[in-house]
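Single-structure report; data block below.
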Amino acid sequence: MPANAFEELQWRGLVFDCIEGVQNLLATQTVTVYNGFDVTADSLHIGHLVPLLALARLQRYGHHPIAVAGGGTTMIGDPSGKSSERPLLSRQQIEENAEAIKGQLARFLDFDSKTNPARLVNNADWLLPLNLIDFLRDIGKHFTVNYMIAKDSVRARLEREEGISFTEFSYMLLQSYDFLHLYRTYGCLLQTGGSDQWGNITAGVELIRRVTGGTAYGLVYPLITKADGSKFGKTESGAVWLDPRRTSPYRFYQFWLNTDDRDVIHYLKVFTFLTQPEIEELQHALEEKPEQRDAQRTLARVMTGMLHGETALARAEQAAQVLFGGAVEGLSAAEIEDIFADVPSARLNKDQFSGTGLNIVDLLVGSGMMKSRGEARRAIGEGGIYLNNHRVAESERLVTVNDLLEGRFLILRRGKKTYFLVEVVG
RNA sequence: GGGCAGUUACCCAAGUGGCCAAAGGGGGCUGACUGUAAAUCAGCUGGCGCACGCCUUCGGAGGUUCGAAUCCUUCACUGCCCA
């Protein structure tokens with residue numbers, strides 16, 4: 001184990017940039033550190049795991065973490081990293097999101113520690129009561145517009161057609177105020193965040209210096225990249241969420257399992273608590289026998305277990321084994337239900353399959369797996385549709401009761417990986 | 001308040017009266033190869049019947065015309081300049 005938190009973050013490739021003195025700070029004293037999380041949705045996604053897990057890492061080295069749910073700042077909207085203005089969320093929506101996200105944040109931090117328990121706060125508590133005139137006098141006066149428009153997040157938007165609203169322009173003042181508030185209330189000395197937060201963090205450091213004369217620090221994590229240049233954390237069906245209702249444990253497991261060879265070691269460092277020797281071993285395995293995908297398998301296993309628990313992990317692994325082993329036909333009804341618990345599904349009435357049966361195209365559309373008949377027909381033409389793991393050759397294929405597995409299931413598949421279960425009832 | 005420019009499919013972006021369901025690029029999907037990888041190659045990418053057909057779409061509404069994404073009016077929004 002590295003000697004201190006800074007070294008820990010460093011070997012994991014998590015230090016993108018930091019303010020002079022952070023290394024010494026983390027090595028020589030225990031500090032209170034905070035990281036803010038937007039509450040623009042009712043769940044965090046895997047991108048948020050980088051700063052969240054880093055907070056947990058810092059806690060393991062004795063530092064005091066504060067996770068801040070941005071119930072106040074999300075009312076305004078952070079322009080950082082955004083190329084266009086965001087619509088405002090309703091107050092009620094934000095409150096609901098904040099509650100949901102607080103629950104997720106809490107799962108990764110230790111609140112029972114005797115020495116350095118984590119704290120979880122919502123910046124709505126101190127931002128909402130602010131009075132405009134006081135704020136402009138007490139906080140606004142410390143910033144020049146010149147300083148503010150020099151920030152990347154603002155400048156990028158000034159150069160664009162759409163521009164930036166005064167609302168979002170003001171955002172950095174609020175986040176700066178957060179830092180000042182936490183500095184005063186908890187003696188918080190360090191703010192962390194993604195690299196796009198650098199401007200907001202340094203603004204806070206600046207505010208603390210001007211208002212209190214004190215020194216605060218910032219550290220930012222790199223943006224997680226993918227070797228093929230596409231955006232990390234996205235799949236066909238959108239972001240990979242922590243909430244199992246949005247991203248099932250099965251999909252979550254599959255997401256990590258599908259990691260590119262070139263990225264997997266990096267992800268093990270960033271997203272898991274595996275030690276340096278453990279990761280090095282996996283790196284050797286990757287070089288020797290890439291087709292075994294030990295590194296990917298470990299990553300998927302550790303991540304799914306950490307987030308969704310052992311039971312969900314076991315189920316995801318079993319499902320993967322069966323679905324990609326191809327042995328669908330010998331399964332019992334109970335096994336099918338279990339394996340497909342996380343896979344999208346639909347129920348259809350049995351009548352439709354009696355007699356000559358139901359056309360495959362109607363089945364694909366009727367079940368909700370495909371949006372339109374044209375799309376379904378096209379997919380079949382491309383050879384991309386499978387019924388019970390057998391490729392469907394022509395779009396006139398009729399599906400009858402004889403096709404039902406265990407008398408009530410149909411397993412549809414699109415391409416190699418996208419499964420859909422139809423349960424026939426009645 | 002005035003002037004100018006703009007609003008095209010998931011995104012960017014061509015198209016300035018019929019040959020436009022709409023070029024091109026990106027993204028996405030599928031297939032081949034493979035390791036449920038990468039790279040590469042190929043096909044597909046508005047809806048309905050699928051065959052040459054029909055329907056809906058080019059910011060909203062209305063109009064001109066045999067015929068409009070393309071012209072006119074008006075409204076909305078965005079940007080730039082002026083006040």
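Excluded from the calculations below are hydrogen atoms, water molecules and symmetry mates; all remaining heavy atoms, backbone and side chain alike, are included. All values derive from a computational prediction rather than experimental measurement.
- A donor-acceptor contact closer than 3.5 angstrom is absent between the side chains of A/Glu168 and A/Ser165.
- With A/Phe420 as the aromatic partner, A/Arg413 does not meet the cation-pi criteria of under 6.0 angstrom to the ring centre and within 45 degrees of the ring axis.
- Using a 4.0 Å heavy-atom cutoff across all strands shown, A/Arg413 reaches no nucleic acid atom at all.
- For A/Arg414 and B/rG28, the shortest distance from a side-chain N or O to OP1 or OP2 is not below 4.0 Å.
- Taking the C1' atoms as reference points, B/rA22 lies 28 Å from B/rG31, given to the whole Å.
- Annotation: B/rC77 and B/rC29 have their P atoms spaced 37 Å apart (nearest Å).
- Taking atom P in both B/rG43 and B/rG63, one finds a spacing of 45 Å when rounded to whole Å.
- When the P atom is used for both B/rG1 and B/rC58, the distance is 29 Å, rounded to whole Å.
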>> Output one letter per nucleotide in nucleotides 37-47 of chain B: B when a protein non-hydrogen atom lies under 4.0 Å from the base, S when only the sugar-phosphate is that close, - when neither is.
In response: BSS---BSS-S
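- Between A/Phe169 and A/Phe166, the angle of the ring planes lies from 30° to 60°, which puts this pair in the tilted group.
- Pairs of residues two or more places apart, or lying in two chains, that qualify as salt bridge (charged side-chain N to carboxylate O under 4.0 Å, His left out) and include a residue from residues 290-303 of chain A are A/Arg301-A/Glu317.
- Separating the P atom of B/rG15 from that of B/rU30 is a span of 34 Å, rounded to the nearest Å.
- For A/Lys226 and B/rG27, the NZ to C1' distance is 12 Å, given to the nearest whole Å.
- Listed here is the closest heavy atom pair of A/Asp42 and A/Ile101: C-CG1, 4.2 Å.
- Shown here are the ring pair (Phe, Tyr, Trp, His ring centres under 6.0 Å) partners of A/His63, two or more places apart in sequence or in another chain: there are none.
- A/Asn389 has its CG atom 14 Å from the P atom of B/rU36, to the nearest Å.
- Annotation: cation-pi geometry satisfied between A/Arg60 and A/Phe273 (NZ/CZ under 6.0 angstrom from ring centroid, within 45° of ring axis).
- Between A/Phe179 and A/Tyr34, the distance separating the two ring centers is shorter than 6.0 angstrom.
- For RNA chain B, none of the residues of residues 302-313 of chain A falls under the heavy-atom distance limit of 4.0 Å.
- The partner of B/rC29 is B/rG43, by the rule that a Watson-Crick or G-U pair needs both atom distances under 3.5 Å.
- Checking A/Gln197 against A/Asn200 by side-chain atom types alone, a donor-acceptor pair falls below 3.5 Å.
- A/Tyr386 comes within 4.0 angstrom of the backbone, heavy atoms only, and of no base.
- In summary, the side chains of A/Glu335 and A/Gln318 do not present any donor paired with an acceptor at a separation below 3.5 Å, with no hydrogens or angles considered.
- The same atom, P, is picked in B/rC71 and in B/rU78; the two are 23 Å apart, to the nearest Å.
- Ring pair A/Tyr267/A/Phe271 is perpendicular by interplanar angle, where above 60° counts as perpendicular and below 30° as parallel.
- Nucleotide B/rC80 is matched to B/rG3 when pairs are restricted to Watson-Crick or G-U wobble geometry with both distances under 3.5 angstrom.
- If you measure from atom CG of A/Asn359 to atom P of B/rG49, you get 10 Å, rounded to the nearest angstrom.
- When each of A/Gly383 and A/Tyr253 is assigned the nucleotide of RNA chain B bearing its nearest heavy atom, the one mapping closer to the 5' terminus is A/Gly383.
- At B/rU36, none of the side-chain N or O atoms of A/Tyr250 fall inside 4.0 Å of OP1 or OP2 (strictly under the cut-off).
- Taking atom C1' in both B/rA5 and B/rC50, one finds a spacing of 43 Å when rounded to whole Å.
- In this structure, A/Leu323 atom CG and B/rU36 atom C1' are separated by 10 Å, rounded to whole Å.
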>> Set out, in order, the CA-CA distance, both residues' side-chain angles and the distance that settles salt bridge (Lys or Arg N to Asp or Glu O under 4.0 Å) for A/Arg373 and A/Asp362, then state yes or no.
In response: CA-CA 7 Å; A/Arg373 299 171 56 77; A/Asp362 293 319; 2.3 Å; yes
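- B/rA23 is unpaired under the Watson-Crick or G-U wobble criterion, no partner having all donor-acceptor distances under 3.5 Å.
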Return the polar atom pairs (N/O with N/O) between nucleotides 53-57 of chain B and the protein under 3.5 Å, or none.
none

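- The side-chain contact (heavy atoms from CB on, under 4.5 Å) search around A/Thr73 returns A/Asn123, A/Leu127, A/Tyr171, A/Leu174, A/Asp178, not counting sequence neighbours.
- Across all strands shown, A/Gln254 has heavy atoms under 4.0 Å from base atoms, whether or not it also approaches the sugar-phosphate.
- Atom P of B/rU65 sits at a distance of 16 Å from the matching atom of B/rU73, rounded to the whole Å.
- Remark: B/rA69 base-pairs with no nucleotide; criterion is Watson-Crick or G-U wobble with both hydrogen-bond distances under 3.5 Å.
- Base-pair partner of B/rU74: B/rG60 (Watson-Crick or G-U wobble, both distances under 3.5 Å).
- Atom CD of A/Gln292 is separated from atom C1' of B/rU36 by 14 Å (rounded to the nearest Å).
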>> One pair to check against salt bridge (Lys or Arg N to Asp or Glu O under 4.0 Å): A/Asp134 and A/Arg137. What are the steps and the verdict?
In response: CA-CA 5 Å; A/Asp134 288 342; A/Arg137 289 175 64 94; 5.8 Å; no
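- Under the Watson-Crick or G-U wobble criterion, with both distances below 3.5 Å, B/rG53 is paired with B/rC48.
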